[in-house]
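These figures come from a predicted structure and were not determined experimentally. We use all heavy atoms of the structure for the numbers below, so side chains are in, but hydrogens, waters and symmetry mates are not.
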Amino acid sequence: MPGRNVAVVGGLVGGQSHYSDPGWLRRVVSTALLLGLAFLASPAHAQATPTEYLRQFDTNGDGKVSLDEYLTYMTAGFRHMDSNGNGVLEASELPGQHGKPLRLEEVRKNYEAQFHRLDKNHDGYLSARELAQPPQ
């Protein structure tokens, strides 16, 4: 963009080190976890059709995905990483074994917001078509 100089060199963005931001690592880990799980749960990665993809989430077989079903599926990676089952990914459970703790409630809150963004007709469920949309 004309008039804007933003340098990204050696961890610097616009002249500031991201290491001086205390929340930087937490956001990176949160984003990586969410994006990684979203990729694993993406229709292109998992199944050939949106209907087949929906079946992975739809535990009661009613042909639609409730918020509870969505949260259960999307937080499976977090629960797997949470080796002591306390609902917190502590430094020892995070990739690289460092960083601030990440709480399941925070992850669930992000996925709940994503669910509502995907629920285009606002009926409280995701259809195969809504579920197959890219995460927003």
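Thr72 pairs by the side-chain hydrogen bond (donor to acceptor under 3.5 Å, both in side chains) definition with nothing, not counting sequence neighbours. Contacts of Leu104 classified as side-chain contact (heavy atoms from CB on, under 4.5 Å), with partners at least two apart in sequence or in another chain: Thr75, Phe78, Arg108. In this structure Asn84 satisfies the side-chain contact (heavy atoms from CB on, under 4.5 Å) test together with Asp82, Asn86, Glu90, Glu93, sequence neighbours excluded. Not a single ring pair (Phe, Tyr, Trp, His ring centres under 6.0 Å) links Tyr125 to another residue, sequence neighbours left out.
Atoms CG and CZ, from Asn121 and Arg129 in turn, are 11.0 Å apart once rounded to the nearest 0.5 Å. Between the OG1 atom in Thr59 and the CD atom in Glu69 there is a gap of 4.0 Å [rounded to 0.5 Å]. Atoms CD and CG, from Gln114 and Asn110 in turn, are 8.5 Å apart once rounded to the nearest 0.5 Å. Atom NZ of residue Lys64 and atom CG of residue Asp58 lie 9.5 Å apart, to the nearest 0.5 angstrom. The structure places CG of Leu71 at 10.0 Å from OH of Tyr111, a figure rounded to the nearest 0.5 Å.
Looking at every heavy atom in both residues, Leu94 comes nearest to Leu89 through CD2-CB, 3.8 Å. Leu131 and Tyr70 get closest at one heavy-atom pair: CD1-CE1, 3.9 Å.
With hydrogens and angles disregarded, no donor-acceptor distance shorter than 3.5 Å links the side chain of Asp119 to the backbone of Leu126.
The aromatic rings of Phe57 and Tyr73 lie tilted to each other, with the angle between the two planes from 30° to 60°.
Residues Val88 and Leu102 are not in side-chain contact: their nearest non-hydrogen atoms beyond the backbone lie 4.5 Å or more apart. The shortest distance between side-chain heavy atoms of Gln133 and Lys120 falls below 4.5 Å. Taking the side chain as every heavy atom from C-beta outward, Glu106 and Lys109 never approach each other to under 4.5 Å. Considering only heavy atoms from C-beta on, Ser92 stays 4.5 Å or farther from His98 through its side chain.
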